[in-house]
*Asks:* 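Okay, here's the structure, questions in a sec.
The sequence lines fix the lettering, A, B, ..., with proteins before strands; numbering per chain opens at 1.
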2 protein chains.
Amino acid sequence: MVYRRTQQVMRRLAARRRAILAAARETAAEQGMAAVQIAPVAARAEIAAGTVYRYFPSKAELISELISDISREQLDHVRQAADAAPGPLSALAAAVTTIAIDALSHRKLAWGILAEPIDVDVVTARLDCRKAIVAEIESRIAAAARAGHLPPQDAGITAAALIGALHEALVGPLAPDNLDDPAKLREAVQTLALMALRGVGVMDARARGLVVQAVPPIVPELTPQPMAAPVSA
Amino acid sequence: MVYRRTQQVMRRLAARRRAILAAARETAAEQGMAAVQIAPVAARAEIAAGTVYRYFPSKAELISELISDISREQLDHVRQAADAAPGPLSALAAAVTTIAIDALSHRKLAWGILAEPIDVDVVTARLDCRKAIVAEIESRIAAAARAGHLPPQDAGITAAALIGALHEALVGPLAPDNLDDPAKLREAVQTLALMALRGVGVMDARARGLVVQAVPPIVPELTPQPMAAPVSA
DNA sequence: ATCGTCCCTGAATTGTTGTTCATTTCTTAA
DNA sequence: TTAAGAAATGAACAACAATTCAGGGACGAT
């Protein structure tokens, strides 16, 4: 054989793969999941449409991997915030506010990943994504309940409900229209976090304290990317 | 002119229109919104595909009308249940449990109307549907707050969150898998209703009482159609 | 009965996207 | 420099579903 993949080529191939995923992510963030089509993504990555198929077997695989990536990043973020909290209840509060702020920071992306009309072949990826975040919340609720900070409950159901509440109120089509204003935004996050904690059984006064503690005083890095940075080739 | 639409013809036309909507509804209930395509619906209504276009200008219009119909019925149902309650808080509890039970009674339909991947031209109808139900809950929350039964709050946000919680936990892809068992089902509804009431600020003990009162002791007519009966031609 | 009008039919058309593949362009080792 | 193999290209293809329309049938008035 007179040809072998050299290191440089492999690097270039890997970079191109990342570029495709990045192009897909940018497209989704700007125009929604429906706009993530092979031709536009390829154009954005500055390659031909056919080339995409040298890196991903199908569009569904591409989108699935995109969703998995974003989901993993979000989960890491939530875990990190929760683990840094002093106790189980604070951890739950931190997890809730982190989910809320992440969702608000990338509303279109979050909407695309969670709920936007999408190809049937990616439902699995989306489902895994939801399952993962619900499982995280569920374990936090269960931990707090074990510690005696919450009444006993079916954490699987309440965790799912909690996630649904956050998403519906923040990224759904009926979310308030004034998320640009940081003050309003902060208020919304607080309202929802308070509601979530009350919902799982935290007494009102204590919930208020936890929320005040958990929501960052300002939300500075909203315009940047708390959830994940699109990587450019 | 040698032809005029007689009464009988107009009745037949109207019946056929209803048959198309009914066929669409049945299809959606059985196989999801994605399966609501012109050809299958027409076949079910026992007419040719082209005939559908004599009654509806487009598939989007057909589905929009279907969603509006179902939404209106659901809203009526919820209003009725809430209005029959003795007070504002009971009304809220009744509204919540009614929504939950309706959703469970027609999970596939509810999922299709609320969240399933769907054509972009029907987002308006779906949005109106959500807005309507959220507005209803919002007004109930506001009424209860005005009466001093709930702490002051941004009812718009909490209402949206509440709806999201119910839907995510009951009709979403992560809903528990044992909805066949009426006991489990009842338990799930109670759990969620309790959580919802706590979330908007009802004290735990009182919330429990309201929930027990609001959830019908049995859920007998689940297999029939609490939400709306598909009309056959 | 029959004519004018409307209604129904369903095969063909249209439009949109994901996917393929023959060809071209690059890359490597001899 | 060159030949073998890999990667990239992008126009053509395929699949699917909404929509159209020319022709046939049904209906109402005369």
*Asks:* What does the B/S/- profile of nucleotides 6-11 of chain C look like, 5' to 3', with a 4.0 Å heavy-atom cutoff to protein?
*Replies:* SSBBB-

*Asks:* Give the minimum heavy-atom separation between B:Ala24 and B:Val36, together with the two atoms involved.
*Replies:* O-CG2, 3.8 Å

*Asks:* If you take all heavy atoms of B:Thr27 and B:Ala35, which pair is closest and at what distance?
*Replies:* CG2-O, 3.4 Å

*Asks:* Who are the side-chain hydrogen bond (donor to acceptor under 3.5 Å, both in side chains) partners of A:Glu136, not counting sequence neighbours?
*Replies:* A:Arg79, A:Arg140

*Asks:* Roughly, in whole Å, what's the span from CD1 in A:Ile20 to C1' in D:dT9?
*Replies:* 13 Å

*Asks:* Using a 6.0 Å cut-off, check whether atom CD of A:Glu30 has over 12 heavy atoms from anything other than its own residue.
*Replies:* yes

*Asks:* Heavy atoms only: give me the nearest B:Met195-A:Ala161 pair and the separation to one decimal.
*Replies:* SD-CB, 3.7 Å

*Asks:* Calculate the interatomic distance between A:Gln7 atom CD and C:dT28 atom C1'; express it in whole Å.
*Replies:* 14 Å

*Asks:* List in numerical order all residues of residues 57-64 of chain B for which some heavy atom is under 4.0 Å away from an atom belonging to DNA chain C.
*Replies:* none

*Asks:* What I want to find out is whether B:Arg17 reaches B:Glu65 closely enough, with some N-O distance under 4.0 Å, to be called a salt bridge.
*Replies:* yes

*Asks:* In whole angstrom, what separates A:Gln37's CD from C:dT16's C1'?
*Replies:* 8 Å

*Asks:* Can you give me the closest heavy-atom contact between B:Asp121 and B:Ser64, atom names plus distance?
*Replies:* O-OG, 4.3 Å

*Asks:* Using the side chain to side chain contact (heavy atoms under 4.5 Å, CB included) rule, pick out the option among A:Lys108, A:Met33, A:Arg130, A:His106 that qualifies with A:Ile113.
*Replies:* A:Met33

*Asks:* Measure CD1/A:Ile38 against P/C:dG18 and give the value in whole Å, please.
*Replies:* 6 Å

